[in-house]
There are 2 protein chains.
Amino acid sequence: MSEHDAIDLAIMRTLQKNGRISNAELAQKVGLSASACSRRLDILEKSGVISGYHARLSHKALDYKMIAIVHISLSGQFAKTLTEFEAAVRLCPNVLVCYLMSGEYDYILRVAAKDLEDYERIHRDWLSALPHVVKINSSFALREVIDRPNVGL
Amino acid sequence: MSEHDAIDLAIMRTLQKNGRISNAELAQKVGLSASACSRRLDILEKSGVISGYHARLSHKALDYKMIAIVHISLSGQFAKTLTEFEAAVRLCPNVLVCYLMSGEYDYILRVAAKDLEDYERIHRDWLSALPHVVKINSSFALREVIDRPNVGL
DNA sequence: TTCATCTTCGCAAGGACATTGCCAAAGGTT
DNA sequence: AACCTTTGGCAATGTCCTTGCGAAGATGAA
């Protein structure tokens, strides 16, 4: 594992805000020559510190206006049970986030839907069909207060 | 407001998966010449359909290995109460996501911490200090099963 | 239908950019 | 001091991005 100095952090911070900046401009912002900057960026990408770049699309354009938080309990905590559940949940394209959790519920999901009707379909065709589920609890987001891609550096 | 055809959708889908792809490669993937692709992309960006590009940083690589899901209840649902809470929570850099919710709890937060000790600090210095909070419930992620930036188109 | 108009494409060119090799400077170790 | 490792800058070459221009297709009115 490598150490990250101030320049690496500046590269990450800059690319977090503008992931499609040119290498030349990036180099200028962090105070390096283009070649040195390109090499450092290459290391950050290949080591997995920067795991990808993604366009952020306007919610309006995609019509996914509804976010649901879904708490799910399974019938047991056996490895096979968890594995089968996770394999199934990965197939649902509307599930943005899924965590195995400590506490009252086994999994927490963040699900995107176009509207309530769409969510009803997702719930019926996907969530209810997940294996080993004994309890599903859906809550709906009324407002998105924060949605940061990463921790503020 | 413009309509989006299959090519526009292909551009969005591609850039969602790889936001730093070159325009030449993007053009090839969607079946356009580089110039036509560049012009369409320009329109998508300037119209706000694509609102930005962001590098995705590995939380683990940055030593943020711990994700907590925090459920919070406030003392009331008055507009002033919500506004003050939201203004305060926005200041905490460790809060990645915050939704105002329907259901049992008022807010759900996703918080990144380096370790349990770090989370204890965040809880003490930030979360406990949020105004109008009457109940905080923290759960910890044991495993990240899915973390997608956007809905699969 | 026919013509005018608007849109969007592909092609070409020149200007910008990314990458690689090579060498020098800085820092650490024996 | 001598050596080794790391990392930056410069230069060159190949690639890429952008813009102007003309052509093809779509749209609408006479």
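Just so we're on the same page: letters track the sequence lines, and every chain starts at 1.
Checked against salt bridge (charged side-chain N to carboxylate O under 4.0 Å, His left out), A:D147 has the following partners two or more places apart in sequence or in another chain: A:R110. Applying the salt bridge (charged side-chain N to carboxylate O under 4.0 Å, His left out) criterion to B:D115, with sequence neighbours excluded, gives no partner residue.
At distances below 3.5 Å, not a single donor-acceptor pair connects side-chain atoms of A:S58 with backbone N or O atoms of B:I50. Checking side-chain atoms of B:N94 against main-chain N and O of B:V111 turns up no donor-acceptor pair under 3.5 Å. In terms of modelled atom types and a separation under 3.5 Å, the side chain of B:R90 and the main chain of A:I146 share no donor-acceptor contact. At least one donor-acceptor pair closer than 3.5 Å links the side chain of A:D118 to the backbone N or O of A:K114.
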For residues 27-34 of chain A, which side-chain donor-acceptor pairs fall under 3.5 Å, sequence neighbours excluded?
from  : atom 1 : to    : atom 2 : distance (Å)
A:S33 : OG     : A:S35 : OG     : 3.3
A:S33 : OG     : A:A36 : N      : 3.4

Pair up each side-chain donor or acceptor in residues 69-81 of chain A with any protein partner under 3.5 Å, not counting sequence neighbours, and list the distances.
from  : atom 1 : to     : atom 2 : distance (Å)
A:H71 : NE2    : B:H71  : NE2    : 2.9
A:Q77 : NE2    : A:D106 : OD1    : 2.6
A:K80 : NZ     : A:E84  : OE2    : 2.9

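The CG atom of A:L32 sits 18 Å away from the P atom of D:dT6 (whole-angstrom rounding). Atom pair A:D42:CG and D:dT6:P shows a separation of 16 Å (rounding to whole Å applied).
You can see that DNA chain C meets the heavy atoms of chain B within a 4.0 Å-exclusive cut from C:dC9 to C:dC11, reading 5' to 3'.
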Original post:
Which letters describe nucleotides 16-21 of chain D, given B = protein heavy atom under 4.0 Å from base, S = only from sugar-phosphate, - = neither?
Top reply: -SSBB-
